[in-house]
Amino acid sequence: MKFLLQFPLLKGNNNNRSKQTMSQKVTILVVFSSLFVFLITIISYSLLWKINEFRGLGLSIDIDYGLKNETESLQNQTESLKNVTESLKDQTCLRNDTENLRYSLRNERENMASKPLKKCDIFSGEWVPNPEAPYYTNTTCWAIHEHQNCMKHGRPDSEFMKWRWKPNECELPIFNPFHFLEIMRGKSMAFVGDSIGRNHMQSMICLLSRAEWPIDVSYTDEFSFKRWQYSNYNFTMATFWSPYLVRAEQVDSKGDLINIYLDEFDEKWTAQIKEFDYVIINGGQWFLRPIVFYENQKIVGCQYCSWENVTHLTWHSGYGKAFRTAYKAIVNLGNSKVVTILRTYAPSHFENGVWDKGGNCIRTKPFKSNETRLEGYNLELHTIQLEEFKRAEKKAMKRGLKFMLLDTTQAMLLRPDGHPDKYGHWPQENMTVSNDCVHWCLPGPIDTMADFLLETLKREGFTSFPKKDFI
């Protein structure tokens, strides 16, 4: 029995011993296999290393050329990153300006009722430094025309951009584009006159760009008749080229002599003006050229011409009659929604000669009010403008029409430093044009006309806001 009971145990022990022997054999086989694989791997890596070394030696002759290309590529990338960085800086500045303006406008709106602005003559004062200006640059505004892009064309000084107008007895707030656009919500404004009026509108586009860029909705491709719409405010600005404000035509192909019909409307603008809410009238410089004056379809005189049996007239009588006819065209519309604004004459600043005889404007600072005065033809042009404005205003009031005055002549008289002069084109360009002491650099003094305009609108009661918060 004991033998039988021990038999299975003896059988089990033999099996265990066999399994242990087999396990040892497998272990030894695995170890030797691993060593073999390890050796093969080492040999393979050594061979690959040698091959790469050989290839590296073979390709070494191309390294300099490759490094050169890589260096140029890195330089291009660096320049590109620099441009992107500058762009981001501009965008950051614009975003900061926008936020500051929104915050300022919110405060202004909240305090408008409790803190009325002090009333004074905003057109009498001095230019004072404004280190915060300009509020746009020639790289952030596309509306600047080449002949006004003074900074692009190498003007070496920049102080002409850093002034603001300070009335003698109060403050003139800097133009707030958000406030202006809110006042103009759902309305339209037309600039009628010469290239100074167009200069003024381009300044407005640049100043308003901090709030919104307009889209071109012009009916024509003509440079002198453009329309821009601010979609978020349903506000439209337009310019109408009419340097004499009345019908005019060239006598010769050179344009040296112009026929102007003092009693006839210029339908290029008078036929369209009824659709606008505000009409800004200006004119002056073109009346100093050779002119043939017509009334009732007949020649009544000639300026700077040597025609026989034709009365020699000066611009004085023709200038007043042209404004009278322009105002008559607006009054005859009888449209009470149209607000007519006269923006007075902007003097030129030629020194050391007239415009086509070497005259220039190289000053770099504004005049003080006691350093110059309105005189000569500048005074005469301004006086005639005001006389015709007052005459038209009386007639307009009887018909329920609104006339407003932007008397910017004195302020602009004090800015001989604000013109392009020779910086309206590149120095190396073979240009035959004279120095430009008529138009204004952008940014520049003409931006202040927006300050005058907004403040005048506010003082005339155009300050209502809808209930909707527009901030």
Side-chain angles (χ1 to χ4, degrees), residues 189-204 223-226 238-250 255 258-270 272-273 276 278-295 303-304 313-331 338-348 355 374 376-393 403-413 436-440 446 449 452-453:
M189 178 175 286
F191 294 79
V192 177
D194 57 25
S195 54
I196 303 300
R198 187 169 60 236
N199 200 175
H200 184 187
M201 190 187 79
Q202 290 161 340
S203 165
M204 291 289 292
F223 172 74
S224 300
F225 299 91
K226 300 295 290 184
T239 180
F240 291 91
W241 170 256
S242 185
Y244 296 102
L245 301 175
V246 294
R247 187 167 80 87
E249 60 184 12
Q250 291 185 359
I258 304 291
N259 290 341
I260 66 172
Y261 300 84
L262 297 173
D263 55 350
E264 296 185 32
F265 299 160
D266 181 1
E267 294 187 355
K268 289 181 179 180
W269 68 270
T270 59
Q272 301 184 59
I273 215 66
F276 287 86
Y278 298 89
V279 180
I280 300 180
I281 301 288
N282 86 284
Q285 299 287 352
W286 282 70
F287 285 85
L288 305 178
R289 300 185 177 201
I291 297 173
V292 180
F293 299 102
Y294 282 78
E295 288 187 76
Q303 174 178 256
Y304 304 134
L313 293 178
T314 65
W315 55 264
H316 295 77
S317 59
Y319 190 59
K321 289 180 179 179
F323 269 93
R324 197 174 307 168
T325 300
Y327 290 140
K328 181 181 178 181
I330 297 173
V331 172
V338 178
V339 178
T340 304
I341 303 172
L342 169 65
R343 199 266 299 147
T344 58
Y345 176 71
S348 60
W355 69 275
L374 201 62
Y377 72 88
N378 286 328
L379 175 60
E380 294 168 350
L381 286 165
H382 182 253
T383 301
I384 292 173
Q385 277 187 325
L386 292 184
E387 289 175 349
E388 293 302 327
F389 175 82
K390 292 176 181 177
R391 181 182 288 111
E393 185 181 29
F403 272 50
M404 293 167 51
L405 179 67
L406 290 181
D407 193 358
T408 59
T409 300
Q410 178 64 20
M412 304 312 289
L413 175 70
D436 187 352
C437 302
V438 175
H439 301 97
W440 302 92
I446 199 169
M449 289 186 183
F452 287 123
L453 176 58

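Numbers for residues simply follow the sequence, beginning at 1. Note that this is a predicted model, so its numbers are computed, not measured.
- I260 and A248 get closest at one heavy-atom pair: CG2-CB, 3.8 Å.
- A distance of 11.0 Å separates CG in L381 from CG in L386, rounded to the nearest 0.5 Å.
- Screening residues 317-327 for salt bridge (charged side-chain N to carboxylate O under 4.0 Å, His left out), with sequence neighbours left out, gives E295-K321, R324-E388.
- Pairing each heavy atom of V339 with each of M404, the nearest pair is CG1-SD, 3.4 Å.
- The distance from atom CD1 of I281 to atom CH2 of W269, rounded to the nearest 0.5 Å, is 4.5 Å.
- Each of H200, K226, Q202 was compared with F191 under the side-chain contact (heavy atoms from CB on, under 4.5 Å) criterion, and only H200 meets it.
- Residues passing the ring-ring contact (aromatic ring centres under 6.0 Å, His included) test with F276 are F240, sequence neighbours excluded.
- Across every non-hydrogen atom of A346 and W440, the tightest pair is CB-NE1, 4.1 Å.
- Annotation: ring-ring contact (aromatic ring centres under 6.0 Å, His included) contacts of Y377 (sequence neighbours excluded): none.
- For S224, there are no side chain to side chain donor-acceptor pair (under 3.5 Å) partners two or more places apart in sequence or in a different chain.
- Considering only residues two or more places apart in sequence or on other chains, E387 meets the salt bridge (Lys or Arg N to Asp or Glu O under 4.0 Å) condition with none of them.
- Taking OH of Y244 as the start and CD of E249 as the end, the distance is 12.0 Å to the nearest 0.5 Å.
- One finds the CG atom of L405 at 11.5 Å from the CZ atom of R343 (value rounded to the nearest 0.5 Å).
- In terms of heavy atoms, I273 sits closest to A190 at CD1-CB, 3.9 Å.
- In terms of the ring-ring contact (aromatic ring centres under 6.0 Å, His included) criterion, residue partners of Y294 (sequence neighbours excluded) are, by chain and number, Y261.
- Applying the side chain to side chain donor-acceptor pair (under 3.5 Å) criterion to T409, with sequence neighbours excluded, gives T344.
- The side-chain contact (heavy atoms from CB on, under 4.5 Å) test applied to E393 returns F389, M397, F403, not counting sequence neighbours.
- For Q385, the side chain to side chain donor-acceptor pair (under 3.5 Å) partners at least two apart in sequence or on another chain are Y319.
- Note that the CG atom of L245 and the CG atom of L262 stand 11.0 Å from one another [nearest 0.5 Å].
- Evaluation of the salt bridge (charged side-chain N to carboxylate O under 4.0 Å, His left out) test over residues 260-269, restricted to residues two or more places apart or in two chains, returns R247-E264.
- Residues meeting the side-chain contact (heavy atoms from CB on, under 4.5 Å) test with D194, sequence neighbours left out: I196, W241, P243, N282, W286.
- For H439, the side chain to side chain donor-acceptor pair (under 3.5 Å) criterion is met by S195, D436, not counting sequence neighbours.
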With side-chain contact (heavy atoms from CB on, under 4.5 Å) as the test, would you mind laying out the steps for Y345 and Q285 before giving the verdict?
CA-CA 8 Å; Y345 176 71; Q285 299 287 352; 3.2 Å; yes
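- Atom-to-atom distance recorded for L342:CG and D407:CG is 8.0 Å, nearest 0.5 angstrom.
- What you find for V438 and S348 is that their closest heavy atoms are CG2-CB, 4.0 Å.
- Shortest non-hydrogen contact noted between Q303 and W315 is OE1-N, 2.6 Å.
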Please assess L406 against M449 for the test side-chain contact (heavy atoms from CB on, under 4.5 Å), listing each intermediate value before the final yes or no.
CA-CA 8 Å; L406 290 181; M449 289 186 183; over 6 Å; no
